[in-house]
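Beneath this line is the structure, given in structure tokens, with notes to follow.
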Amino acid sequence: MGNGPGRDAASRTGETERRFRRDAPHPAHPLGNRHNAQQRNRCFVSIQQTGPAAPHTTRPRTGAGARHGASPLPHVAGLSPLPVDLAAMLDALPVGVALLDTDCTIRLMNRALETLTGFTTAEVRGIPCRHALRASICLHRCPLRRPLTTASGVTVATASGAHYDLADDGERSPTPQAQEGDILNRHRRRIPVRMSMAPLRDADGRVVGWLHAVEDLTLVRELEEKTAKGEAFGPLVGRSVAMERVFQALPAVAQNDTPLLVTGETGTGKDTLAEAVHKASSRAREPFVKASLSSLPEFLAESELFGHRKGAFPGADENKPGRFRMAQGGTLYLTEIGDLPLSIQGRLLAFLDEGVIYPVGATEPASCDVRLVVATNRDPEQLVAEGRLREDLFRRLSAVRLHLPPLRERGEDIEFLLNHFMGHFAARLKKTVRGCSGKALRTLLDYPFPGNVRELRNIAEYAVTLCHGETVMPAHLPAYLFQAKAEARRAERERRAGRALSPQSPLSPLSPLADNEQSAAQQGMPGDAAEPLARASVSDLERRLIADALHRTGNRRGEAAELLGWGRSTLWRKMKQYGMC
Amino acid sequence: MPATLLIPLYRDEIAPRFDLAGEALLVHLDADGAELSRSSVLLAHASSEELCRIALEEKVRAVICNGIDDEFWQYLRWKRIEVIDNVMGPADEAIARFRADVLRPGDILFHRSEP
């Protein structure tokens, strides 16, 4: 040793204290030839005694001096004719680097690591690295705490401070292992990091210290989180193309103050969307008032919406502000515009045109600053055609219109939302549920979800409640999912067999499924689309569920709705849809 | 005024992290700052919440610790518990400095080793 350029440089500068060498196998190692070939590539780290600024300084001493205090400044010799300032070299790296001695105390940190931890080298030099880095792996998973076994079978030391010799280990020493965890910095912020360790060896191959690299993973984690979460607008989440279009439009829609019409099937999230739009709008600090008037008689709905004056009608003992006045400055959300009586629709139109409302019994108009958001789960054009929605009101409302697609059209969102809701309920119920088994997932993916996201959410809650392990199995899913699936399969088998349904068919003649197939056959419809069949069977199932619930509750709709887990208005709508009213 | 200190421990040092400490030291001081007694609490699992609960239950006046999450620092302060954080070094040294009223956040009490 001592005949390389690094050695010469070291001699010139008179440093003696410390040497770290990269890639230097033991001379007696089988790879000694390679070692000899690398002789001229060696470089050394040495410590320059403090004193007047050295002529080979590569950066102003002010910064380095301030950060390193009055300690000797290490240099790398052998890279160039003059030694290179090691601290300046490490500062150029984008990852945090610390040089530790064999006691695992800190000798040097680069600027990136100082920024990460919030401590300067001068502050923490000479203290155990676990106190300055404060990484989650420090106490229990520190790689330096693990006994290392050398090639000669000698188990060497831990990070407790013992000096150990890995000379026998040579090239076969363990490769640096990266571990992920987090650090707590001086400013009490938790930062996700990836940490790796590599030994530093002297000219004889002995481990004389460690190089500790700390990579900040904050951006990576944020990106992962965003990818996992998909797009989101308030509580609305999704990553399907259909929802992406909605998410793109939402910020602009929220900032716009014109009335908003939201369409979408039941359970697609119209209420959630309306509230999210309000919260993202300039009216967010003002009230968000929701009005569901479909179950109220006309005169009550009018009073509820516009308020009334004292004495306007028998029982009006005092002034009532109404939903419009309650939403003053904020947003009024009407849940089902198609169910509003035409007279009220006319008054809504007057509000949209003039910005005033007429409380029941009032002679003077009352000005009202409210953004109107209305929703319907039916096709508004159809409502207009049926005369249930005023065309002029529809034209005013449809200036800004958003459609929430049904879950069956949201593709990958089913699995994504399932995981989202299961994670939500697992956290709420303190369960360890992590996902679904393949069979359970297939069952869910095959189901058409007539209740859309709300139904999926309920299924996720049910499954997480019943599941006591980490994986949701088919047994944890509601039985009706399998019933619907079995019926769809049976119908499919029937169709494939090409058998026309006869009166002796195993399907009951009263079954709507049988009716469907028969009518399809009668009308010469192709009938080979599995999807309509599956949907028909779900409708049939719903009809039967409603009938059963009504039978059990003695035709009490409120109780029946509760039994079914639906809202009263949902039950009413579905009964109407199936002609059961 | 009598006071109780809580120090999350790692061996005989202040634990590097509040949330990863498996043991805590409770030090009872009298009105003059003299040490009355010490007790050690072993935690089943390292947990910031558990340490906060102990601090509240024991009516701790000050917590001396090294790294602590901002959330728990804020919580303890909100509960009117003084938090002297970023203190690195032996617990005994920290207690002595606290009693002498010279312990400050960020104090490093280790005797530095020279290479």
Side-chain angles (χ1 to χ4, degrees), chain A residues 15-20 45-47 49 69-72 74 99-108 116-142 145 160-161 163 181-191 200 208-209, chain B residues 7-24 42-49 51-52 63-78 81-94 104-115:
Chain A
E15 325 82 337
T16 52
E17 291 199 42
R18 232 177 155 70
R19 287 163 215 284
F20 296 138
V45 172
S46 54
I47 307 296
Q49 298 298 336
S71 299
L99 295 182
L100 315 177
D101 63 16
T102 49
D103 294 338
C104 285
T105 58
I106 289 184
R107 291 293 151 209
L108 178 68
L116 267 182
T117 59
F119 296 105
T120 64
T121 298
E123 286 173 309
V124 296
R125 178 182 286 117
I127 71 162
C129 64
R130 58 178 175 271
H131 287 277
L133 297 180
R134 306 188 307 201
S136 53
I137 65 166
C138 280
L139 298 189
H140 306 296
R141 288 189 290 138
C142 175
R145 288 170 56 82
S160 60
H163 181 79
D182 57 54
I183 63 169
L184 257 180
N185 74 4
R186 183 182 209 154
H187 312 295
R188 309 179 195 100
R189 197 163 72 86
R190 195 179 281 252
I191 302 169
L200 297 167
V208 293
Chain B
I7 306 175
L9 284 184
Y10 176 68
R11 299 177 188 161
D12 57 351
E13 301 165 353
I14 298 166
R17 280 173 60 149
F18 188 73
D19 60 329
L20 297 179
E23 189 181 352
L42 277 176
L43 305 177
H45 305 286
S47 151
S48 296
E49 287 88 350
L51 283 175
C52 287
V63 169
I64 300 171
C65 62
N66 186 0
I68 182 169
D69 267 306
D70 190 55
E71 180 187 353
F72 294 99
W73 184 82
Q74 299 279 5
Y75 174 75
L76 290 169
R77 302 251 307 179
W78 177 59
I81 295 173
E82 185 185 3
V83 183
I84 307 171
D85 66 339
N86 291 321
V87 179
M88 305 177 202
D92 283 337
E93 180 85 20
R104 300 284 174 268
D107 279 354
I108 297 176
L109 313 174
F110 281 112
H111 298 291
R112 316 291 179 107
S113 62
E114 286 303 322

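Only a predicted model underlies this, so the values are computations on that prediction, with no experimental measurement involved. Proteins come first, then strands; the chains are lettered A, B, ... in the order of their sequence lines, and each starts at number 1.
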What pairs with B:Ala15 under side-chain contact (heavy atoms from CB on, under 4.5 Å), at least two apart in sequence or on another chain?
->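 Expected list: B:Pro8, B:Tyr10, B:Ala21.
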Side-chain touch [X]/[Y], heavy atoms, less than 4.5 angstrom:
X: A:Ser136; Y: B:Arg17; result: yes
X: A:Thr105; Y: B:Phe110; result: no
X: A:Glu123; Y: B:Met88; result: no

Do any side-chain atoms of residues 63-77 of chain B form donor-acceptor pairs under 3.5 angstrom with protein atoms, and if so which ones, sequence neighbours left out?
{"residue": "B:Asn66", "atom": "OD1", "partner": "A:Arg134", "partner atom": "NH1", "Å": "2.4"}
{"residue": "B:Asn66", "atom": "ND2", "partner": "A:His131", "partner atom": "O", "Å": "3.2"}
{"residue": "B:Asp69", "atom": "OD1", "partner": "A:Arg190", "partner atom": "NE", "Å": "3.3"}
{"residue": "B:Asp69", "atom": "OD2", "partner": "A:Arg190", "partner atom": "NE", "Å": "3.3"}
{"residue": "B:Asp69", "atom": "OD2", "partner": "A:Arg190", "partner atom": "NH2", "Å": "2.3"}

Based on non-hydrogen pairs under 4.5 Å, which of A:Ala135, A:Gly118, A:Ala132 is most in contact with chain B?
->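 The candidate making the most pairs under 4.5 Å is A:Ala135.
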With a 4.5 angstrom heavy-atom cut-off, which part of A:Ile183 approaches chain B: side chain, backbone, both or neither?
->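 A:Ile183 touches chain B through backbone heavy atoms alone.
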Relative to chain B, which segment of A:Arg186 carries a heavy atom at a distance below 4.5 Å: side chain, backbone, both, or neither?
->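 Backbone plus side chain of A:Arg186, per the 4.5 Å heavy-atom cut-off to chain B.
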Measure the spacing between CG of B:Asp85 and NE2 of A:His187 and express it to the nearest 0.5 Å.
->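 B:Asp85 atom CG to A:His187 atom NE2 measures 11.0 Å (nearest 0.5 Å).
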CG of A:Leu184 to CG of B:Leu20: how many Å apart, nearest 0.5 Å?
->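 It is 8.0 Å, given to the nearest 0.5 Å.
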Minimal non-hydrogen separation, B:Arg112 against A:Val124, with atom names =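 Heavy-atom minimum between the residues: NH1-C, 4.0 Å.
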